[in-house]
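So the structure is just underneath, and the comments pick up after that.
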Amino acid sequence: MRTAEPPRSLRPGWALRGLRSLAPALSNFLLQPGGGSADFAYREPGPSAHRRFCELLPQEHRSTEESLHTRVSLEQILSLPELKANPFKERICRVFSTSPARDSLSFEDFLDLLSVFSDTATPDLKSHYAFRIFDFDDDGTLNREDLSQLVNCLTGPGEDTQLSASEMKQLIDNILEESDIDRDGTINLSEFQHVISRSPDFASSFKIVL
Amino acid sequence: MAQPLPFVLNVPEIPEDHDREPSPYDESEVHDSFHQLIQEQSQCVAEEGLELRQRGLGAAAPGTSGSGRQALVGPEDAAAYSTATLRILASMPSRTIGRSRGAIISQYYNRTVRLRRRVSRPQLGGVGRSARPSLRLYDLELDPAALEEEEKRSLLVKELQSLTVAQRGHMLKGMPLGLAEKRSLREESRTLTGKPRERRGRRGLFPCCGWLRDTCVLALHGLGLWLLAGLHGLKPWRYALKRIGGQFGSSVLSYFLFLKTLLAFNALLLLPLLAFVVGVQAAFPPPASPGPVPAFTGLELLTGGGRLTHTVMYYGYYSNSTLNPPCVPAPDGGQCGRETDGLPYNMPLAYLFTVGGAFFITCITLVYSMSHSFGESYRVGSTSGVHAITVFCSWDHKVTQRRASRLQHDNIRTHLKSPVSAEQGGALLALPVVVCLLNLGAPYLYRGLAALERHDSPVLQVYVAVCRNLILKMVILGILCYHWLGRRVGALRDQCWENFVGQELYRLMVLDFIFILLDTLFGELVWRLISERKLKRKEKPEFDIAGNVLELIYGQTLTWLGVLFAPLLPAVQIIKLVFLFYIKKTSLMANCQAPRRPWLASHMSTVFISLLCFPSFLGAAVFLCYAVWQVKPSSTCGPFRTLDTMYEAGKVWVRRLEKAGPRVSWLPWVHRYLVENTFPVYLVSALLLAVIYLNIQVVKGQRKVICLLREQISNEGEDKIFLINKLHSVYEKKERSRGGRTQEAERLEEDPDAR
């Protein structure tokens with residue numbers, strides 16, 4: 001983590017200077033009438049996200065034109081310092097990846113990711129994506145397997161940090177008792193959003209800042 | 001075979017069924033459609049090739065006799081569902097809403113329609129417009145001439161076009177679709193109706209109004225966004241707060257956010273005072289006081305006396321007359337010397353009203369932010385239990401350092417492993433507060449708290465420590481206030497006691513700041529050095545959130561107590577808070593580690609604001625009211641020197657207004673019948689009580705409704721499980737019978753004569 005002066009992109013005034021000096025292609029991409037991540041996704045200046053994305057690409061693809069269409073592999077995204085210490089980093093990348101094998105991110109996917117994790121995303125949007133991140137088997141609900149994998153991610157990476165089988169069963173029973181309203185043994189999206197709406201902390205903790 | 005085997009109606013061949021309750025196939029005229037629909041659905045699903053990851057699943061066509069069965073742990077029993085059942089389960093609307101694009105689009109189509117029509121309840125007539133996406137999806141997908149995804153999309157675009165730009169942006173922002181998708185939706189919904197005209201117009205000399213308007217709107221929109229981005233970057237301490245949040249988590253961040261909130265409150269207090277009191281008096285300085293003016297030495301910054309006594313800093317400087325009075329010609333016919341083109345300014349009235357008004361605005365803002373904060377963390381009818389919330393919401397994604405991340409893991413693990421104390425913590429919280437309020441005597445208080453300390457909940461211990469500290473500070477301040485208003489006023493009858501009180505408060509504030517500095521130095525820096533060098537421990541001291549927040553609240557209480565006697569005290573507090581931010585941040589980064597105990601940041605903000613409002617602001621307001629209504633101002637200085645109480649300035653003004661004539665007669669009337677009279681006060685209190693009671697009843701009613709709805713959903717869930725089990729049994733029977741028929745056919749093939 002850099003402890004030096006704040007990056008140039010975050011200082012005031014960079015926003016105005018930065019985009020004007022960028023290549024027209026990128027400006028068009030971000031500012032065209034139909035588009036613009038700055039428009040409705042999040043209000044951080046796009047250049048800082050683009051710069052970080054370009055740093056992950058190999059040298060020859062770093063031109064503005066190419067960077068908008070090249071994909072970055074999962075391992076490289078996982079090496080970002082903001083994601084390194086996050087136990088859900090693989091799930092996050094898989095949820096936002098649009099490639100068929102779900103193993104690479106394009107610049108648009110990256111912007112998608114940043115926009116959902118930013119200040120300006122609505123809590124509804126965040127809870128929707130949180131549900132997809134926690135749904136480890138991608139079947140549209142959180143069943144017992146998903147919940148136990150989630151708890152294992154939360155308690156820690158090592159073997160000694162996992163809960164015992166009986167503790168896990170007790171915990172999952174409690175969770176289902178509190179949040180499974182229709183008693184079908186799984187938590188679907190509406191029930192999940194109902195639980196999330198009770199916690200005002202969620203919006204501020206579901207945030208990644210570049 | 002003569003008779004074509006009906007695909008469905010093989011049930012009568014199986015004898016067991018006659019004993020059971022009628023299955024859907026018995027009443028074939030009524031229920032045939034149901035089975036037909038399930039049939040079509042499962043065929044549809046099979047054709048689409050749904051991606052359903054099964055552990056170790058082979059070729060899962062419904063025809064295979066039993067190879068594809070997986071044990072899906074069911075709700076009550078471990079029912080083994082067949083693949084076909086699982087396929088149908090996977091395409092249930094409640095499961096696809098999170099995944100399939102079509103389902104999301106149709107859900108947002110419903111929402112857009114509702115927004116446009118502003119109906120709060122779905123209409124009973126049109127099922128197609130009902131709020132339940134499952135029903136709608138059912139309708140659309142099984143309709144043979146069904147709208148495909150593209151048509152659904154075009155419907156959504158049409159709906160979006162009919163919204164205003166702001167609503168459209170808001171709706172698009174909340175959609176969980178990809179950026180490319182949102183961009184295309186936005187593009188399509190932006191096209192205006194005059195398309196052919198537009199194209200022609202562009203070639204001409206004068207572009208069509210629509211295109212021009214579109215460009216202007218876009219340009220303004222872009223400009224607005226740039227401004228916002230710039231402002232966003234200019235927000236004070238944005239980067240510093242990000243670093244603190246990333247390294248120490250949300251709980252330590254809440255302290256710094258509270259500091260920022262206090263800055264805002266002080267600015268709110270200072271601005272009216274600067275505008276209406278300090279600025280005006282500085283522009284029209286009173287005649288210089290007799291006697292030599294003491295020289296400026298540095299010590300005055302510490303004691304607040306000396307040179308500073310005769311400046312706008314304190315109450316005594318302010319004049320008790322009307323500034324810039326209208327020119328009254330001398331009785332002997334002489335001319336008016338001065339140019340009197342400004343308005344006359346009644347200083348005592350301005351002083352009283354500005355202080356009163358500033359306090360009133362602060363009160364409203366405090367109560368509003370407290371209720372807003374409280375409203376976010378309290379939900380009507382929410383069930384108790386913290387497990388689900390802990391598991392889903394407790395991971396703080398802002399944290400990026402490995403060490404802080406490990407600390408989070410530890411905290412969450414501790415929290416999950418000790419469910420009993422976590423559950424009881426919330427319910428027991430009410431008890432210490434009530435205990436503190438009721439038992440004012442110290443022995444009783446400590447005995448009660450010590451009894452409570454037997455419960456080993458870390459959160460409770462922290463709150464108990466906070467309460468103790470708070471009681472101590474408030475008691476000290478209470479004694480000081482009594483001392484000032486009760487005894488000092490009597491002792492300093494001929495001198496300017498208000499100046500004295502103002503100076504005392506100034507000194508308290510400055511010394512408080514110095515002690516905080518010393519505490520930071522010794523508590524954090526020196527302790528870290530000692531623990532690293534002498535004790536050889538690797539651990540840094542923890543950042544004491546509760547203690548620091550109480551220090552802030554104490555400082556703010558001093559400001560509020562002193563603003564009547566020293567109008568520039570909020571400015572001193574602002575300077576102090578700015579310095580405090582940088583000092584605390586530096587010390588935090590260098591010396592401290594994140595606290596070990598789990599903290600809920602939003603609950604803490606609510607508690608901080610509540611503590612700020614209740615003992616702190618309320619006490620200051622009581623002190624102010626008493627000082628204004630009951631205490632005789634000193635007769636030698638200040639804007640109220642000739643009056644009996646400060647409040648009399650208002651009464652004098654009202655009397656003057658009465659004499660002024662009939663034009664402003666409503667103001668004295670209001671004063672006499674509404675303010676001085678006690679009856680309206682009782683009436684307003686009674687009305688307020690009635691409103692509060694009504695609100696309580698409404699909340700009770702809502703809670704009942706929520707219970708009923710919960711029961712209803714649970715019943716629907718039971719229905720769902722019943723249907724799934726029935727479906728499963730239908731498929732099983734079908735496969736068994738097909739298996740039986742295959743065997744029969746094989747047997748017939750081998751031995752055609754054996755029939």
Side-chain angles (χ1 to χ4, degrees), chain A residues 1 6 10 12 15-16 31 33-35 37-38 40-41 43 45 81-82 85-86 98 108 111-112 117 122 124-125 128-129 131-132 137-141 144 150-151 154-156 161 167 171 174-175 178-179 181-185 188-189 195-196 198-202 204-209, chain B residues 53 73-75 90 94-99 169 172-174 176 178-180 183 186-187 218 225-226 228-230 232-234 239 242 250 376-377 379 382-383 385 387-389 391-393 395-402 405 409 412-413 416-417 600-602 710 713-714 716-717 720-721:
Chain A
M1 179 94 172
L10 292 175
L16 282 160
L31 291 180
S37 63
F40 44 65
R43 295 204 170 100
E82 286 81 5
N86 196 324
T98 49
E108 281 209 6
L111 278 184
D112 255 333
F117 276 98
T122 58
D124 235 2
L125 196 62
H128 188 103
Y129 278 95
F131 181 77
R132 284 169 67 174
D137 54 7
D138 280 324
D139 65 351
T141 55
R144 296 188 82 101
L150 174 60
V151 170
L154 283 175
T155 53
T161 55
E167 281 172 342
L171 179 64
N174 282 338
I175 293 174
E178 286 165 21
S179 41
I181 306 180
D182 62 2
R183 309 257 168 255
D184 65 348
N188 61 18
L189 179 65
V195 171
I196 295 288
R198 280 191 273 142
S199 159
D201 276 324
F202 175 71
S204 64
S205 59
F206 200 73
K207 226 190 281 189
I208 290 180
V209 276
Chain B
R53 286 196 219 135
V73 177
S94 63
R95 295 195 187 191
T96 55
I97 193 71
R99 282 180 303 142
L172 278 173
K173 203 164 103 153
L179 272 180
R183 202 183 303 139
R186 190 192 189 90
E187 253 180 41
L218 273 168
L225 280 168
W226 281 128
L228 268 170
H232 196 56
L234 280 173
Y239 180 67
K242 257 192 227 175
S250 304
E376 276 187 353
S377 39
R379 288 274 180 271
S382 60
T383 54
H387 300 96
I389 285 190
V391 168
F392 293 144
C393 309
W395 184 265
D396 192 354
H397 293 259
K398 285 197 292 279
V399 167
T400 50
Q401 283 202 336
R402 230 175 247 290
S405 163
H409 282 304
I412 292 176
R413 192 172 53 247
L416 290 177
K417 277 193 173 174
L600 283 172
S602 71
R710 213 178 270 272
I713 293 177
S714 158
E716 299 271 333
K720 192 168 75 176
I721 292 172

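The chains referred to below are lettered A, B, ... by the order of the sequence lines, with proteins before strands, and numbering in each begins at 1.
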Minimum side-chain heavy-atom gap [X]-[Y] below 4.5 Å:
X      : Y      : answer
A/I181 : B/R710 : yes
A/T161 : B/R413 : yes
A/S199 : B/I389 : yes
A/I196 : B/C393 : yes
B/P176 : A/L125 : yes

Per-residue contact mode, [X] against chain B (heavy atom under 4.5 angstrom):
X      : result
A/V195 : both
A/D124 : side chain
A/T98  : neither

Distance check, rounded to the nearest 0.5 Å: [X] atom [atom1] versus [Y] atom [atom2]?
X      : Y      : atom1 : atom2 : value
A/T155 : B/I412 : OG1   : CD1   : 8.5 Å
A/T122 : B/K173 : OG1   : NZ    : 7.0 Å
A/L154 : B/F392 : CG    : CZ    : 10.0 Å

Point to revise | Residue pair A/L171, B/H387: steps toward the side chain to side chain contact (heavy atoms under 4.5 Å, CB included) verdict | key: CA-CA 7 Å; A/L171 179 64; B/H387 300 96; 3.6 Å; yes
When you measure from the side chain of [X] to the backbone of [Y], do you find a donor-acceptor pair of N or O atoms at a distance under 3.5 Å?
X      : Y      : answer
B/S405 : A/A85  : yes
B/K398 : A/S204 : yes
A/E108 : B/L179 : no
A/R183 : B/G717 : no

Review point. Which answer fits B/I713, side chain, backbone, both or neither, if we ask what part of it has an atom under 4.5 Å from a heavy atom of chain A?
Key: both
Check your understanding: Residues two or more places apart in sequence or in another chain: which of them pass side-chain hydrogen bond (donor to acceptor under 3.5 Å, both in side chains) with A/N188?
Key -> none
Practice item. Looking only at non-hydrogen atoms, find the nearest pair between B/T400 and A/E82 and report the distance. Key: CG2-CA, 3.8 Å
Exercise for review: Apply ring pair (Phe, Tyr, Trp, His ring centres under 6.0 Å) to A/F206 and list each qualifying residue two or more places apart in sequence or on a separate chain.
Suggested key: A/F117, A/F202, B/H397
